[in-house]
Amino acid sequence: MTVQGVKRRGLMLVLSSPSGAGKTTLVKRLLGDDPDSFFMSVSLTTRTPRPGEVDGRDYKFVEKARFVAMRDNGELLEWAEVFGNFYGTERQQVESAVKQGHDVLFDIDWQGARQLAESMPQDLVRVFVLPPSGKALAARLHTRNEDAPEVVAKRMAKAADEISHWPEYDYVLINDDIETCFSGLKAIIAAERLRRERQVGLSAFVREIESEL
Ligand code: 5GP
């Protein structure tokens, strides 16, 4: 929350990648590595839970009517439709976390990243994760057997679409070796936490230094 005792605003870290590029592993590592440092933003979705998914942990599973009501009420910071399902981020929890100096991690797609860039640009850090090759990604999508073949085919098309948005991100990591990739991610976070604009307590801190000189 603070860098050497200086108050700072939290950052909003968006991690996007095509499905199968290892983003979920990175997210888990990041949350496990330093559980106090990141809040995971739990998205709303209208899709049905997959086996093993827990309501409130992986997603908040809601009816379409409820989602639409929340969206039309301005309660969502961003939202998108993916494969006919709605996904979105609740505004209130993110705004208050960032204000209190908590970093928030988002596992959302490029559509969401674009909307966050419009609504909270100073707080946003966008990281895109690329696979080492198209072949490696295709192999990953085939070995994930939780989905039907037609779903896999759809995911391949979606992956190509998702990848085309890499230039809209601040940082790009190539996930060839997970350790190297994770180190890169940690370096980005360490640097971004030190950004002057985020360290809202700096003026007071520097005034104190000056008063002692
Ligand atoms: P899945 O159904 O496989 O969990 O997610 C499908 C896609 O929706 C992924 O690309 C994921 O990043 C994206 N997604 C998940 N939650 C959100 C959200 O809150 N907002 C947006 N814009 N995309 C999301």
Side-chain angles (χ1 to χ4, degrees), residues 12-28 30-31 38-64 66-95 97-98 104-121 123-131 137 140-166 168-169 171-173 175 185:
M12 293 165 57
L13 180 71
V14 170
L15 262 186
S16 297
S17 79
S19 172
K23 176 179 60 177
T24 310
T25 311
L26 288 171
V27 167
K28 282 194 185 135
L30 199 56
L31 295 174
F38 271 101
F39 269 15
M40 185 77 206
S41 167
V42 180
S43 297
L44 299 169
T45 184
T46 60
R47 81 153 161 74
T48 47
R50 297 202 186 105
E53 282 185 334
V54 176
D55 186 32
R57 185 194 69 187
D58 301 291
Y59 281 105
K60 292 178 193 161
F61 296 96
V62 293
E63 297 290 327
K64 214 159 204 165
R66 167 124 180 82
F67 187 99
V68 169
M70 288 178 79
R71 182 195 66 187
D72 295 349
N73 222 3
E75 292 174 45
L76 305 184
L77 204 50
E78 61 79 32
W79 70 279
E81 188 176 349
V82 182
F83 300 141
N85 297 308
F86 290 148
Y87 295 83
T89 304
E90 280 173 285
R91 176 186 299 279
Q92 210 258 323
Q93 56 175 25
V94 174
E95 285 182 348
V98 168
V104 186
L105 178 60
F106 297 81
D107 176 354
I108 62 176
D109 71 349
W110 64 270
Q111 303 176 76
R114 208 180 252 184
Q115 291 170 65
L116 293 184
E118 275 165 26
S119 52
M120 297 174 82
D123 299 311
L124 194 63
V125 180
R126 292 162 297 183
V127 179
F128 197 88
V129 184
L130 282 173
L137 184 65
R140 284 283 319 263
L141 290 178
H142 275 110
T143 52
R144 283 171 67 159
N145 51 12
E146 66 215 49
D147 294 312
E150 61 271 19
V151 175
V152 173
K154 264 210 234 166
R155 272 178 200 282
M156 297 272 254
K158 173 78 167 46
D161 175 56
E162 188 76 27
I163 285 173
S164 73
H165 292 280
W166 69 270
E168 296 169 33
Y169 286 72
Y171 299 92
V172 177
L173 295 168
N175 190 10
L185 181 60

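Note that ligands are numbered from 1 as they come in the structure, with each ligand's atoms numbered from 1 the same way.
Residue-ligand proximity: Lys23 is placed with a non-hydrogen atom under 4.0 Å from ligand 1.
When the heavy atoms of Phe83, Phe86, Tyr87 are ranked by distance to atom 8 (O) of ligand 1, first place goes to Tyr87. Nearest residue to atom 12 (O) of ligand 1 from Thr89, Ile108, Val82, Thr45 is Ile108 (criterion: closest heavy atom). Of the options Asp109, Leu77, Leu76, the smallest heavy-atom separation from atom 23 (N) of ligand 1 is shown by Asp109. The option from Gly112, Gly88, Ser43 that lies nearest to atom 16 (N) of ligand 1, judged by heavy atoms, is Ser43. Among Glu53, Glu78, Lys60, the residue whose heavy atom lies closest to atom 21 (C) of ligand 1 is Glu78.
Interatomic distance, Leu26 CG to Leu185 CG, rounded to the nearest 0.5 Å: 6.0 Å.
Checking only distances, Arg47 does come within under 3.5 Å of ligand 1, N or O to N or O. At a 3.5 angstrom cut-off on N or O pairs, Arg50 counts as close to ligand 1. Considering backbone and side-chain atoms alike, Trp79 places every N or O at 3.5 Å or more from each N or O of ligand 1.
Contacts between Asp107 and ligand 1 below 4.0 angstrom, taking non-hydrogen atoms only, involve backbone and side chain alike. By the criterion of a heavy-atom distance under 4.0 Å, the side chain of Arg155, and not its backbone, is placed next to ligand 1.
Ring pair Tyr169/Phe128 is perpendicular by interplanar angle, where above 60° counts as perpendicular and below 30° as parallel.
A salt bridge does not link Glu78 with Arg114: every distance from a Lys NZ or Arg NE/NH1/NH2 to an Asp or Glu carboxylate oxygen is 4.0 Å or more. For Lys23 and Asp107, the salt-bridge test passes: some basic side-chain N is under 4.0 Å from an acidic carboxylate O.
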